[in-house]
Amino acid sequence: MSDQKPASSNPSDHSDKSVKPSKPKKETPLMDKLTSLAKRRGFVFQSSEIYGGLAATFDYGPMGVELKRNIKDVWWDAMTKSHDNIVGLDAAILMNPRVWEASGHVAGFSDPMIDDKTSKFRYRADHLIEGYIKQLERKGKVEEASRVMAAFVEAQNADDMPRALYNLIITEQIKSPDSGAFDWTEVRQFNLMFKTSLGAIAGEGADVYLRPETAQGIFVNFHTVREASRLQVPFGIAQIGKAFRNEIVKGNFIFRMLEFEQMEMQYFVKPNTQAAAFEMWKEERMRWHTESLGIAPEKLSFYKHDKLAHYADAAFDIKYQFPFGTEEVEGIHSRTDFDLKRHQEFSGKSMEYFDQELKEKYLPFVVETSVGCDRAFLEVLCDAYSEAEEEGETHVTLKLRPRLAPVKAAVFPLMKKEGMPEVGEKLVKELQRSFKVQYDAAGSIGKRYYRQDEIGTPFCFTIDHDTLKDETVTVRYRDTAAQERISLAQVKSFLTEKLSE
RNA sequence: GCGGGAGUAACUCAACGGUAGAGUCACAGCCUUCCAAGCUGUUGGUUGCGAGUUCGAAUCUCGUCUCCCGCUCCA
């Protein structure tokens, strides 16, 4: 199993992960290869590359959209088809700004940062002070600690919060945990929400935000969806959509992007039943990664959050062992009734649910499952990538589950003569009604197989001399290169069968 | 934002003060045919951008933009 340690393994260490852990860090050629393949074969491109690109922003190419769509379909089916009490939603990206006040994002989604000019390490100013207070407590300086704590609370509520935090750090002479230096920059505010303005006239519009998570679109629609779908607790609302975060630190290809897609499901349950629902979803979601995405189980692990977000009473991540480290792809969070309660408070509208059986009203509790679609994409790509050395050449194969493969099958005429192309084209026409297939007659047959291997096409059908005589074709399996003969008439049912596995 | 590294063809790289090249890929044709064979041809680069030095800059200097890695924390 993974021996990766949680990022902050030492709770008494207030510097958190600001202290460089001695993790085995070196250049990951695998990521370079993946990035290169992704570009070459049309999975993922750097956004607006001809202008030099834009950090942490990517476009999905012809193969990429197919793969991503398949991942989304698999998720959507697992949620809305396999559960008759889960329904879908597609909420707008822009919402009334009050939503984000209620959700806590306006207040809590901006971080005051400060840099140690000596060590070049960056800290969250509030974490720095909290750590200092804990340190005082450990030393038994209780009075001192509570005095600083009072000043800290005051600073956090100050109009110019960054300035107040800075002043506190300076007056208390808080030193850098890593270098011990007292050499700070100003405290600067990093707002993680993208802001835009409503109204076409410059300067006159109201500020609105690009949503930093899709969840709120679900919460504000709690009643409308429930009533329209005649659902009773427990039930869930599933949604796939874009979210935006002004990340300070971006990177690792499509792992952390400014604009990303979430696949979220919020499951509403009776209060005090959330623990059982949480366990159920935790298991089900892990199974989705191994069974629906076909990810190697040994590369996946749970990570339990000890430090919980303001809204949660339990939280687990599903992590995948990426080439650059074991990182989160999905979060399963027990969000309590925080969100509904807040929306009730801020909107003045009741968010309560009337339980017909119990004859009582309550605010449902929520268990959230939230997968990063792009992260799932990367997870699938990393897991599928394999290469073999063949006479000095590297033969790359994406061993994707057939259900996920962008192209399901390719059809080749063995030669461009004797009517083989015509037979092949006819087969393609027929298959295209049900499957994404490609026809390829260019280059040697081996070259064509390899081209398909690189994009993960699970099956190739070849028209050869025998086809012209007995109406059979060869089917070649991607992962083994094994071949068998089936009749032309069977090709479609062969694919149907293989794709349902 | 701070520190470090890097920008030459779609990809991988060369040219290191004297007219920007190679391989791969792609496309067309010939030939061959079941695992990247061969031959011929074609497309494709104002060397990230802008200044400066110089008779002459991909190359030296400065500025600028962007990307990558690390630092905050997340999906």
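Numbers restart at 1 for each chain; the letters A, B, ... are given by sequence-line order, proteins then strands.
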Side chains of [X] and [Y] only: does a donor on one sit below 3.5 Å from an acceptor on the other?
| X | Y | value |
| --- | --- | --- |
| A/Ser103 | A/Gln216 | no |
| A/Arg485 | A/Thr474 | no |
| A/Gln321 | A/Thr326 | no |
| A/Tyr450 | A/Gln452 | no |

For [N], does OP1 or OP2 lie under 4.0 Å from any side-chain N or O of [X]?
| X | N | answer |
| --- | --- | --- |
| A/Arg451 | B/rA26 | yes |
| A/Ser370 | B/rA75 | no |
| A/Lys447 | B/rC25 | yes |
| A/Lys39 | B/rA10 | no |

For this session: Identify, between A/Glu368 and A/Arg40, the residue whose nearest nucleotide on RNA chain B lies closer to the 5' end.
Result: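 Residue closer to the 5' terminus by nearest nucleotide: A/Arg40.
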Exercise. If you pin A/Ser444 and A/Glu261 to their nearest nucleotides in RNA chain B, which one's is more 5'?
Worked result: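 Checking each residue's closest nucleotide, the 5'-ward one belongs to A/Ser444.
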Taking the same atom, [atom1], in [N] and in [M], what whole-Å distance lies between them?
| N | M | atom1 | result |
| --- | --- | --- | --- |
| B/rC39 | B/rC13 | P | 25 Å |
| B/rA58 | B/rA15 | P | 15 Å |
| B/rG52 | B/rG44 | P | 31 Å |
| B/rU47 | B/rU19 | C1' | 14 Å |
| B/rU64 | B/rG70 | C1' | 24 Å |
| B/rG41 | B/rU46 | P | 24 Å |
| B/rC27 | B/rU43 | C1' | 7 Å |
| B/rA36 | B/rC11 | C1' | 16 Å |

Quickly work out the [X] [atom1] to [N] [atom2] distance and round it to whole Å.
| X | N | atom1 | atom2 | result |
| --- | --- | --- | --- | --- |
| A/Phe58 | B/rC68 | CZ | P | 6 Å |
| A/Phe316 | B/rC74 | CZ | P | 17 Å |
| A/Arg335 | B/rA75 | CZ | P | 9 Å |
| A/His395 | B/rA37 | NE2 | P | 12 Å |
| A/Glu327 | B/rC73 | CD | C1' | 10 Å |
| A/Phe255 | B/rC68 | CZ | P | 15 Å |
| A/Phe324 | B/rC68 | CZ | C1' | 14 Å |
| A/Phe459 | B/rC35 | CZ | C1' | 17 Å |

Exercise. Does A/Tyr449 stack onto the base of B/rA36, taking stacking as ring centres under 5.5 Å apart and planes under 30° apart?
Worked result: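 No; by the centre-distance and plane-angle rule, A/Tyr449 does not count as stacking on B/rA36.
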What's the closest nucleotide to the [X] side chain, out of [options]?
| X | options | result |
| --- | --- | --- |
| A/Tyr450 | B/rA75, B/rC35, B/rU32 | B/rC35 |
| A/Thr462 | B/rA75, B/rC34, B/rA36 | B/rC34 |
| A/Gln483 | B/rC35, B/rA75, B/rA36 | B/rC35 |
| A/Leu414 | B/rC74, B/rA26, B/rU33 | B/rU33 |
| A/Asp464 | B/rA37, B/rC34, B/rA75 | B/rC34 |

Counting only Watson-Crick pairs (N1-N3 plus N6-O4 or O6-N4) and G-U wobbles (N1-O2, O6-N3), all under 3.5 Å, who is the partner of [N]?
| N | answer |
| --- | --- |
| B/rC30 | B/rG38 |
| B/rG45 | none |
| B/rA6 | B/rU66 |
| B/rC71 | B/rG1 |

Determine whether a donor-acceptor pair (one donor, one acceptor, N or O, separation below 3.5 Å) exists between the side chain of [X] and the base of [N].
| X | N | answer |
| --- | --- | --- |
| A/Arg476 | B/rC35 | yes |
| A/Arg245 | B/rA75 | yes |
| A/Arg256 | B/rC74 | yes |
| A/Arg448 | B/rC34 | no |
| A/Ser36 | B/rC11 | no |

Checking all strands, does [X] fall into the base, sugar-phosphate, or nothing category for heavy-atom contacts under 4.0 angstrom?
| X | value |
| --- | --- |
| A/Arg375 | base |
| A/Asp374 | nothing |
| A/Lys416 | base |
| A/Gln46 | sugar-phosphate |

Problem set entry | Derivation of the side chain to side chain donor-acceptor pair (under 3.5 Å) call for A/Ser334 and A/Gln274 | CA-CA 7 Å; A/Ser334 180; A/Gln274 70 270 26; 5.0 Å; no
Problem set entry | With A/Asp453, the salt bridge (charged side-chain N to carboxylate O under 4.0 Å, His left out) member among A/Arg476, A/Lys399, A/Arg448 |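 Of the listed residues A/Arg476, A/Lys399, A/Arg448, the salt bridge (charged side-chain N to carboxylate O under 4.0 Å, His left out) partner of A/Asp453 is A/Arg476.
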Exercise. Hey, is the main chain of A/Ile318 close enough, under 3.5 Å, to the side chain of A/Glu330 for a donor-acceptor pair?
Worked result: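 Absent.
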Problem set entry | A/Arg342 side chain to A/Val99 backbone, donor-acceptor under 3.5 Å |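 Looks like no, no N/O pair under 3.5 Å.
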For this session: Would you check, one step at a time, whether the test ring-ring contact (aromatic ring centres under 6.0 Å, His included) holds for A/Tyr209 with A/Phe194?
Result: CA-CA 6 Å; A/Tyr209 299 98; A/Phe194 277 99; over 10 Å; no
